Amino acid sequence: MARRRWRQVSTSALTPVFVRLKLSLLRNGLRQSSGRRAAYISSVVVTLLFAALQLIGLIALRGNDHAASVVVLLTGVLALGWAVMPLFFPSGDETLDPTRLVMLPLRPRPLVSALLAASLVGIGPLFTLCLAVGSAFAVAHGTTAVVVSVIAVPLTLLVCVALARAVAAANIRLLTSRKGRDLAVLSGLVIAVGIQIVNFGAQRLGDAGGLSALDPVTAVVRWLPPASAIGAVDSVSEGSYAAAAAQLTLSVLALALLLGSWQRSLTKLMTTPDGSTLAAASEPTRKESASGFHRLLPEGRTGTVMQRSLRYVWRDPKTKAAWVTALAIGLIVPLFNALQGTGSIYFACFAAGMLGIQMYNQFGQDTSAFWMVALTISSTKDAYTELRARALALLVITLPYTALVTVLTASLLGNWKALPEVLGLSFALLGAMLATGAVASARFPYSIPQDSAYKNVAPGQGGLAWISIFGGMISAAVLCAPVITLTILLHAASGQSATWVLLPVGAAYGLLIGWAGVRLAAPRTANRLPEILAAVSKG
């Protein structure tokens with residue numbers, strides 16, 4: 001009896017411990033540096049501002065004939081985002097990584113409750129709660145509907161969080177597994193295609209009669225959890241109490257199934273060895289010889305760094321998944337828009353933008369192994385050679401890919417006259433992103449944990465990662481202003497008769513600005529090696 005009481009007390013005390021652990025990790029991460037604290041606070045402010053604007057927009061929908069269609073579909077898209085975002089975008093912390101808890105004497109069932117409570121602490125759940133409250137307010141009419149919304153809103157939030165954690169736990173070893181590498185790449189492609197389907201669906205609303213075009217889709221989605229919980233509020237407002245009860249029941253059952261799946265995944269993780277490690281240990285090692293492609297690379301440090309970077313792209317699961325996703329989205333956006341008949345050849349510049357992002361956080365991609373690279377950097381010249389070689393490795397892929405996407409887009413649209421200028425703009429954008437990426441890699445490095453399949457940034461560095469990427473992208477757009485201005489002037493002065501000059505001008509400008517960015521980042525890299533090493537080794 002005493003043993004049973006001790007177990008019950010331990011279980012009840014587990015949840016507040018994990019919540020305090022989550023808050024401690026967040027607080028300690030913010031104490032690392034003032035720059036990281038400022039980046040995190042900025043990201044929080046931007047997220048909350050966007051959530052507030054969304055909440056106001058949803059409240060303004062109240063009374064609209066198609067408000068139910070909008071909020072139900074919004075909830076469905078939000079749940080889809082919760083399912084896929086933790087796997088491929090910066091998020092998470094140690095409290096959400098069950099592999100760190102396998103050596104502790106914890107049972108899966110109370111562990112699920114504690115982890116679920118810890119998962120509710122953060123900006124993501126707060127953002128979701130704001131959208132759920134706004135969605136329920138938009139369709140709740142009458143006292144009974146308000147009462148149902150009190151149940152539906154937290155139920156929606158719990159289903160979203162449980163969905164994310166169940167998917168994450170089921171795929172915790174996916175990206176670090178040799179057998180799961182191809183599946184991870186396929187997941188990136190599925191996400192890229194899914195995002196574009198949503199995008200093109202939104203573009204079609206105006207051509208299909210406005211919001212009324214959403215009604216047929218809503219009729220199906222309103223029965224899919226957690227959108228069914230918000231659909232229940234609308235059903236009660238319409239007087240359909242039986243339908244509302246069924247919809248709430250579906251969401252409750254979905255929550256129970258997700259928690260059960262999560263618990264089974266935790267049990268498996270905590271009782272079975274890592275199969276990927278066993279498989280890797282059983283495989284015989286092979287001595288690899290330099291391929292014909294690698295023999296084409298320059299001699300010395302430049303060729304060595306380029307070969308190392310290209311091997312990361314092909315072998316490292318996270319790097320490979322990021323590259324495949326970028327390649328897929330960079331191709332899908334311009335081609336799908338062209339096939340829809342609503343595209344422009346200028347959408348081909350999106351390919352250069354997606355691949356240019358890969359230049360950001362170059363040292364974080366090395367993780368803790370960066371110390372071996374740091375030992376070889378003793379001067380600004382060494383840092384310049386290192387950064388230049390990494391940029392050249394990216395250009396090996398990005399230059400032909402950008403040209404291919406631009407040619408395909410021009411062929412689908414039949415706009416061959418604009419091909420030279422779009423290529424010039426793409427090359428200028430690519431050079432600008434290489435420049436800002438080099439500077440951001442030296443100024444805002446962050447760690448990419450390798451022991452977690454669903455985290456791409458260490459705890460406390462999420463805001464730093466977002467500020468680094470989006471700040472660099474905005475800076476790259478500003479750096480391209482001269483080429484964009486020249487394009488506008490040429491069109492205004494002589495139409496398209498002289499726009500061919502943008503191809504050499506854009507290529508030369510991209511080369512110049514990329515070289516300048518690498519030169520600017522080199523001394524900062526050489527002088528900040530200890531700080532960079534500490535930042536990228538955090539995870």
Side-chain angles (χ1 to χ4, degrees), residues 54 58 61 64-87 116 119 124-125 127-140 145 148-171 187 190-202 204-205 208 211-262 265:
Q54 291 290 321
L58 291 172
L61 275 177
N64 188 284
D65 294 337
H66 304 288
S69 298
V70 174
V71 299
V72 167
L73 291 180
L74 177 63
T75 306
V77 173
L78 188 64
L80 180 62
W82 270 95
V84 300
M85 292 299 178
L87 294 174
L116 181 63
S119 301
F127 179 81
T128 303
L129 180 62
C130 290
L131 294 188
V133 170
S135 299
F137 184 85
V139 295
V148 172
S149 66
V150 173
I151 302 173
V153 169
L155 183 59
T156 300
L157 177 61
L158 289 175
V159 171
C160 287
V161 175
L163 175 61
R165 300 283 73 85
V167 172
N171 295 275
S187 300
V190 171
I191 292 174
V193 174
I195 291 174
Q196 291 309 310
I197 291 176
V198 174
N199 178 35
F200 294 131
R204 286 293 183 179
L205 288 180
L211 294 177
S212 60
L214 298 176
D215 294 341
V217 182
T218 305
V220 177
V221 177
R222 67 188 299 123
W223 292 95
L224 301 177
S228 59
I230 301 300
V233 179
D234 179 62
S235 296
V236 169
S237 299
E238 299 293 333
S240 303
Y241 297 103
Q247 289 168 324
L248 279 178
T249 302
L250 285 175
S251 292
V252 173
L253 289 177
L255 178 60
L257 291 175
L258 288 172
L259 294 177
S261 174
W262 188 7
S265 297

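As the structure is a prediction and not an experimental result, all values here were calculated from the model. All heavy atoms count here, side chains included; hydrogens, waters and symmetry mates do not. Counting begins at 1 with the first residue of the sequence.
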Considering all heavy atoms of both residues, which atom of [X] and which atom of [Y] are nearest to each other, and what is their separation?
{"X": "Arg165", "Y": "Ser119", "value": "CD-OG, 3.2 Å"}
{"X": "Pro225", "Y": "Leu250", "value": "CG-O, 3.5 Å"}
{"X": "Val233", "Y": "Ala136", "value": "CG1-O, 4.0 Å"}
{"X": "Ala138", "Y": "Ala67", "value": "O-CB, 4.2 Å"}

(request) Taking the side chain as every heavy atom from C-beta outward, state whether Leu258 and Trp262 have any pair of such atoms under 4.5 Å apart. (result)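 Contact flag for Leu258/Trp262 side chains = no.
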
Check: [Y] main-chain N/O paired with [X] side-chain donor or acceptor under 3.5 Å:
{"X": "Ser251", "Y": "Ala229", "result": "yes"}
{"X": "Ser261", "Y": "Leu257", "result": "no"}
{"X": "Ser237", "Y": "Val139", "result": "yes"}

[atom1] of [X] to [atom2] of [Y]: how many Å apart, nearest 0.5 Å?
{"X": "Thr75", "Y": "Leu80", "atom1": "OG1", "atom2": "CG", "value": "12.5 Å"}
{"X": "Leu259", "Y": "Leu163", "atom1": "CG", "atom2": "CG", "value": "11.0 Å"}
{"X": "Leu248", "Y": "Ile230", "atom1": "CG", "atom2": "CD1", "value": "9.5 Å"}
{"X": "Leu58", "Y": "Asn64", "atom1": "CG", "atom2": "CG", "value": "11.5 Å"}
{"X": "Trp223", "Y": "Ser235", "atom1": "CH2", "atom2": "OG", "value": "6.5 Å"}

(request) Can you tell me which residue pairs pass the salt bridge (charged side-chain N to carboxylate O under 4.0 Å, His left out) test with a partner in residues 218-227, sequence neighbours excluded? (result)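 Salt bridge (charged side-chain N to carboxylate O under 4.0 Å, His left out) check on residues 218-227 returns Arg222-Asp234.
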
Indicate every side-chain donor-acceptor pair of residues 151-159 with a distance under 3.5 Å to a residue at least two apart or in another chain.
| unit_1 | atom_1 | unit_2 | atom_2 | d |
| --- | --- | --- | --- | --- |
| Thr156 | OG1 | Ala152 | O | 2.8 |

